[in-house]
Structure formats: structure tokens, C-alpha cells
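Take a look at the structure below.
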2 protein chains.
Amino acid sequence: MMKTLQPSIRDIAKALGVSASTVSRALKNHPDISKDTCQKVQEYAERVHYRPNVLALGLKSQRSQTIGVIVPEIVHHFFSTLISGIEDLAYGKGYRVMICQSNEDYLREVINVQALNDHRVDGLLVSISKSTLDANHFIRVIQNEVPIVFMDRICHDIQSDRVVTNDFEGAKMVVSHMLQRGRRRILHLAGPKHLTVGVERNNGYRQALVDHHIAVDEDLILHCDTPQRVETRRSQILAMANEIDGIFAVNDFTAVASMRLLQDAGYNIPADIAIAGFGDDPIADMVSPSLTTVKQRGYDMGREAAALLISRLQGIQPERFQTKVFPAMLKVRNSA
Amino acid sequence: MMKTLQPSIRDIAKALGVSASTVSRALKNHPDISKDTCQKVQEYAERVHYRPNVLALGLKSQRSQTIGVIVPEIVHHFFSTLISGIEDLAYGKGYRVMICQSNEDYLREVINVQALNDHRVDGLLVSISKSTLDANHFIRVIQNEVPIVFMDRICHDIQSDRVVTNDFEGAKMVVSHMLQRGRRRILHLAGPKHLTVGVERNNGYRQALVDHHIAVDEDLILHCDTPQRVETRRSQILAMANEIDGIFAVNDFTAVASMRLLQDAGYNIPADIAIAGFGDDPIADMVSPSLTTVKQRGYDMGREAAALLISRLQGIQPERFQTKVFPAMLKVRNSA
DNA sequence: AAATTACCCGCAAACGTTTGCGGTGTGCCT
DNA sequence: AGGCACACCGCAAACGTTTGCGGGTAATTT
């Protein structure tokens, strides 16, 4: 198998007995170059599989045509779909994408930001980690004129474009749905207090209760947003099981985990306890009973975020920062 | 908010009244530079948040310290864990990772390969798409001296390092398990014939039958490897339901989809029909009954693949290409 | 005092590309 | 025949970094 190193513009120039500048221009059909030369150059380039060196281009143009993406964990369906949306739109506009995971770890997030900055990405799309309280790493790249669009998990302290789900309405809808079906004591498995998504869903839960003239019982709100945490709080949840008739979890994994827990303990879902989640993960449709939840349009949010960022990169700057709010959709299934 | 463009080595040199070469050397404590100068440079660099320009580095050194990853779809848990493993190891070794999805589309895969090649990634980690029959796009980058390590979905036509699961043994184990529990007519929902994983699992299925002195009935092998395909073949599967007592699906989503289908049709799992999958996706533990399956060590495979690639990049070339085979582990749950 | 040595540091080229500017040759007009 | 326009192409600098080599100054040796 013959090895042929990547040919450069100079290699082509040498082989054809012309200058590098001529090759460069010929490749883009510059009017200064004769049709004849253009054709010769293009043919030869094609034949040797010439591909421009993006590093050199980026170095010269001071823009890499690459956007960086940081999400907590790609294993979560919502974030994977977000990424798919981003990729599809970005590719279409001639941008490449570098994806990083913070693993919900603040330090890792800082490193990711720095690494992407080192690679001179033109812009950043970010969903912050659960443990991110400080925003200096983001501020620094913004000072370098690298714009950021926050998605879903936004960073409150920073003025920027944002793409979010209407978490408040979504939560209100699904909790109202349970209340309308006669549930009265609904446990809320909530997210951390410093994540906007968690707070908004919590507020939606509260508003639904208020709307139905039910007092909010703070004892019915637990910080519990992962299957692991459900396991940790196992006894606590089981102890409450007889006093509740519904659960609203901040995401679907947690909802499903709590469902399994209660089913194993002999409870009938939804007869004894109704359960609802948030996100419409594929598991929602695979568990039994299937999970009532709130659908988030991850793919569309990804596209929108990428579109917002790219339009900003291309200088189409609307006066102020925008916040795109995607509607949440109630997905009624069998668990509530 | 003040904007401060990214300082270069020359900016530092100018500010400190020294040459760029001195700054470059001072930053890495080169013995030619006095302790005094080193300290001054490093302090100043720190203060202005100097970060080397990776594009320039890559251009000069002809290596980008970046490895490209192509997987079919990140939404699948196996591939996300694979990526996590890759990232963790690569980061540790000072490499960055660029992730692409082929969406099971051959053309998209070709574009991905080319894009990563354009970015002068030092090496490639690839799981091929279902629709990939031709390998020329891979051969071309290998000719450019960019090594490839195939993971899970390997490319048969190419000599290279490989990291795979022992699909044959895994399938044999889980099918044997069903046979030992008295199942006799097991439907196999198989993958496409040109994917090694599918073929190997198919072979494992066949071997298990042979081992138990049961004739292989080709009518019990259906090409059906996604929930969508299960839906398409709905009537066909239901028509067979009374004549089978087990199902072995090539992956967990397909297993779960068939389980839902049969449950909705009134069959009891596993009493009427046992069901097993492959992969140990998180859903396996969330559905009811929980799914018996075969565990694949995605994270470890990712780490191993990255390690293999990086050692090759660093010139530690074992004589021939290696194939690392990870053992499959039977995960017995309640569905079989 | 002259010569050697060590210690610091700068010059310039190179990686691959783009682009303003200047140059050459040909044909046309007067 | 001289001037002009036009078509075509090359030179060189620049992006940020590294690195071999050469040079200058001061300290040490003979």
C-alpha cells in the first residue's frame, strides 16, 4: 500500500511549474487566471486528492470555521439529540463541531472551555454542568470575542443568547394534569437549586398546586434528580409512599427509577401512585406502564442554538441578546 | 466588558522587549534562557492569559494532537459510553477528540472522514455505519499515514487495529441460557449480513442451537434490528408468536420493542415467550420484566481503542495489527 | 593581557495558505 | 512606431510557533 503524503498547494505548484499563488487562485476560479490554467490545476488537484489544510486556513483567517459544544453528558438522550441538531445545522453552513462533555464536573468544564478556546473555535454552545456556580471561564472567552449560546442549562450570570424549553409551563401542565385526575399529594423529585431548569420546573409544580388551591408542602419536595439519588433516598421515599398519590420527577430517569422502586415495593402505578417525568426520553415509551412526561424538542433546540450562534458569527447581530423559548408538550401515557 | 484579543508570543515579546524565540523558550524553561527571564516571561504570560495557538502548533509540527471519532449515532448508549472512554483516556494523554456521527449513512461517513482528515487529525477511531460496504475513504486516510482503530463495527477489508466484543461467545451464552431453561424455538432478530457484529451474534445463536442438538430453522432468523423494523414486521412477528418460545434480538432496543409488541398482544413475558437482547443498555434494567441481555464494556473498549491508537501515534508500533477482544458477560434478569 | 569558555539571546526559515501589488507579454489603437 | 489596455501570473508578507545556528557579553582560564 503506497503512502502518499498530503499534497500542499506548493506541491501542486511545483509539479505544474507555476507559483503557489496561481494554484490558490486557480482552485477558486479567480478571474486573473486563465481558463486553461484553472482547468489544469483543478484536474491535477483532483487527481492527487488535494485538500486544503484547515489549520493553515484558520491560522491565516483567524477563524477556524469550528464551533465548540459542551454538554454535561452525551449519554443522556436529550443532549444527544441536541448535538444532532447542532451538527446537522452546522454542517449545512460549513462549520465543524467539536464536542466535549463536562461529566457534570465544574473543573472538567473549565478545561473544556480552555481546550476549545485553544483550538480557536469561533463560538461556543454550552449546557452548563450541575456543579458550575462560577462563570469566569465563560467570561474569559467572551472577552476574546468568542460568542456563547447557552442551551437548556443556561448560565444566569452571563448576558448571552439562550435557547431553552418552557420548563415552567411544561411542569405546570403535567402537574395540572395529575391534579385534574384527582391527585392531591404529589411528591416532587427536584433538581438542584442553582440550575434554572430545576428551578423553573419546581416553580411550575408550585404554580399548578396554587392554581388548584392546594397548599405547597415543602416536605413533598426532595432534591433527587438521578436514579442513584433515588436509590440513596430509597427508604425515605418508601416511607412517604403511603401518604402520596403522585410523583413528578424533574427528569425521566428519575421518574422511572422511582417507578421501579415503588413497583418493587408492591405499589400499583398509576392506581396507587401516578408518576410523571420530564423530557420524553425513549425509555418513557418502553417502560410499563409507559411514562407520562413532557416532551422537549432537543433536536430543534440544537438547530436553533447553532443557527443563532452562526448568525452572530457572521456578523448578523440583532441589537440585543435573544432568548428562544421552545414550548413544552404534554405527553400523556399510562403512568399518570 | 473589555475586549482583549488573544495575546500571541510576539505580543509578549514586544511587551517585554525580548524576541519571540526567547519567549517561546522561556515558557518551556529552556536552559538557554536565564532564570530571571523565564520568570518574567511566565509571569507576564500568566497575567495576560496567554494560551498557545493550537492551529499554529499543528501547522508547524504536522500533528494536531487531535484524534477523530466516527460513530453511527451518539444517542445509542453503547456509543456514548465508548466515547466517554475515548475522551477520558485521550484527555489524559494530552489529546483532543473530534466526534462525528454518520447517522448510519455511508455518504455522511465519507464526508466525516474527509472533514476529519482536513483537520489533520493524527488518527481515527471508527465504528462503521450500517450502509458502509466500500472502504476507499478509509484507505485514503491510511495512505496519508493516519492510522485507524476500528471499534465494535469493524471494517473487514482493512488491515488495522481493532477493538471488539466477543459477540460470538456472548450470543452463544445468552441463547444457551434460554435453551437450558427449556426453550426450543427461538426467534432471532438479526442485524444486517455485512456487519461483523451482526454476523457474529448470528453465528453464536446458531452454535448454541447446534450445541444443544437443535436444527437451525432459517425461517426463525429475521433481519430486524431496530424498533422501527419491529413495527414494520409487526404482523409477521405476531403470526409466528404462537410457534416460538423465545426471542434473541441483536440489540436491546429491538428486544424491548418486540417485548412491548408481544405484551400488547397479550403474551406473557417470559412465561409464554422468553426474550433476550444484547448490549446491556440502561433500558434493560428499566423495563418490566427486566431484560436478560449481554453486557458489553463500552467504556473500557473506548479507552482501549484510544490507548491503542495513541501508542501507535507515538511510534510504539507492535509488529502487526492487534485485535483486542473484550469478553461478553451474560446478564440474567427476568425476561429470560 | 589575551584567549577560552559559558551563558544568554536574536535571526531567520519553515509549516500551508491568502492576497495586494507589481511585472511581463500580447494585441489593439492612433 | 509608440502608447495603452488587458490578460495572466509571480513576489512577498502575514497568521503564530519552533528551532538550528550564530553572535555578543561577561566570567574564567592560561
Side-chain angles (χ1 to χ4, degrees), chain A residues 4-42 44-45 48-66 94 117-122 144-146, chain B residues 4-42 44-45 48-66 94 117-122 144-146:
Chain A
T4 70
L5 263 297
Q6 300 262 82
S8 75
I9 266 194
R10 273 207 267 271
D11 294 331
I12 300 182
K14 217 158 291 177
L16 263 46
V18 296
S19 78
S21 15
T22 301
V23 174
S24 172
R25 285 190 255 250
L27 285 174
K28 30 182 76 67
N29 286 315
H30 192 284
D32 268 9
I33 309 298
S34 71
K35 285 292 149 212
D36 194 50
T37 313
C38 278
Q39 201 186 334
K40 267 210 257 306
V41 168
Q42 287 172 14
Y44 187 82
V48 297
H49 297 118
Y50 168 74
R51 297 253 74 213
N53 186 324
V54 203
L55 275 58
L57 287 192
L59 184 57
K60 182 119 209 6
S61 66
Q62 300 291 75
R63 52 185 59 253
S64 59
Q65 294 286 110
T66 303
N117 185 56
D118 288 356
H119 274 259
R120 298 300 189 269
V121 294
D122 295 341
N144 288 335
E145 299 194 348
V146 175
Chain B
T4 70
L5 263 299
Q6 299 262 86
S8 75
I9 265 194
R10 272 208 266 271
D11 294 331
I12 300 182
K14 217 156 290 176
L16 263 46
V18 295
S19 79
S21 15
T22 300
V23 174
S24 172
R25 285 189 254 252
L27 286 174
K28 30 183 74 67
N29 286 313
H30 192 284
D32 268 10
I33 308 299
S34 71
K35 286 292 148 214
D36 193 51
T37 312
C38 278
Q39 200 187 336
K40 267 211 258 305
V41 168
Q42 287 172 14
Y44 187 82
V48 298
H49 297 116
Y50 168 76
R51 299 255 72 213
N53 186 326
V54 205
L55 273 58
L57 286 195
L59 185 57
K60 181 119 209 7
S61 66
Q62 300 290 76
R63 50 187 59 254
S64 60
Q65 295 286 109
T66 303
N117 185 56
D118 288 356
H119 274 258
R120 298 299 188 271
V121 293
D122 296 341
N144 289 335
E145 299 194 347
V146 175

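Note on naming: letters A, B, ... go to the chains in the order of the sequence lines (proteins, then strands), and numbering restarts at 1 for each one.
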Side chains of B:Asn117 and A:Gln6, heavy atoms from C-beta outward: is any pair under 4.5 Å? yes
NA contact type, B:Thr37, heavy-atom cut-off 4.0 Å: base, sugar-phosphate, or nothing? sugar-phosphate
Please work out which residues in residues 25-35 of chain A have a non-hydrogen atom less than 4.0 Å from an atom of DNA chain D and list them by number. A:Arg25, A:Asp32, A:Ile33, A:Ser34
Check B:Thr22, B:Val23, B:Val41 against B:Ile9 for a side chain to side chain contact (heavy atoms under 4.5 Å, CB included) and give me the one that passes. B:Val23
With heavy atoms of chain A within less than 4.0 Å as the criterion, where does contact along DNA chain C begin and end? C:dC15 to C:dG20
Would A:Arg120 and B:Asn53 count as a side-chain contact (heavy atoms from CB on, under 4.5 Å) if you check the C-alpha gap in whole Å, the side-chain angles of each, and the deciding distance to 0.1 Å? CA-CA 7 Å; A:Arg120 298 300 189 269; B:Asn53 186 326; 3.8 Å; yes
Could you work out, with salt bridge (Lys or Arg N to Asp or Glu O under 4.0 Å) as the rule, every residue matching B:Lys40, not counting sequence neighbours? B:Asp36
Can any side-chain N or O of B:His119 pair as donor or acceptor with the backbone N or O of B:Val121 at less than 3.5 Å? no
Taking atom CG of B:Asp122 and atom OG of B:Ser61, what is their separation to the nearest 0.5 Å? 7.5 Å
Once rounded to the nearest 0.5 Å, what's the spacing between atom CD1 of B:Ile33 and atom OG of B:Ser24? 9.0 Å
Return the OH to CG distance between A:Tyr44 and A:Leu27, rounded to the nearest 0.5 Å. 12.5 Å
Once rounded to the nearest 0.5 Å, what's the spacing between atom CG of A:Asp32 and atom OG1 of A:Thr37? 11.5 Å
With distance as the sole test, does B:Gln65 use its side chain to make a donor-acceptor pair with the main-chain N or O of B:Gly58 at under 3.5 Å? no
Strand-adjacent residues in residues 51-59 of chain B, judged by heavy atoms under 4.0 Å from DNA chain D: B:Arg51, B:Pro52, B:Asn53, B:Ala56, B:Leu57
Nucleic acid contacts of residues 8-24 of chain B, taken as heavy-atom distances under 4.0 Å to DNA chain D: B:Ser8, B:Ile9, B:Arg10, B:Ser21, B:Ser24
How far apart are the closest heavy atoms of B:Ala13 and B:Ala20, and which atoms are they? CB-N, 3.6 Å
Hey, what do you get for CG (B:Asn29) to CD (B:Gln39), rounding to the nearest 0.5 Å? 10.5 Å
Can you give me the bend angle of the helix from C:dA1-D:dT30 to C:dT30-D:dA1? Use the axis through the first five pairs and the one through the last five, nearest 10 degrees. 70°
Value rounded to 0.5 Å, distance of OG in B:Ser19 from NZ in B:Lys14: 12.0 Å
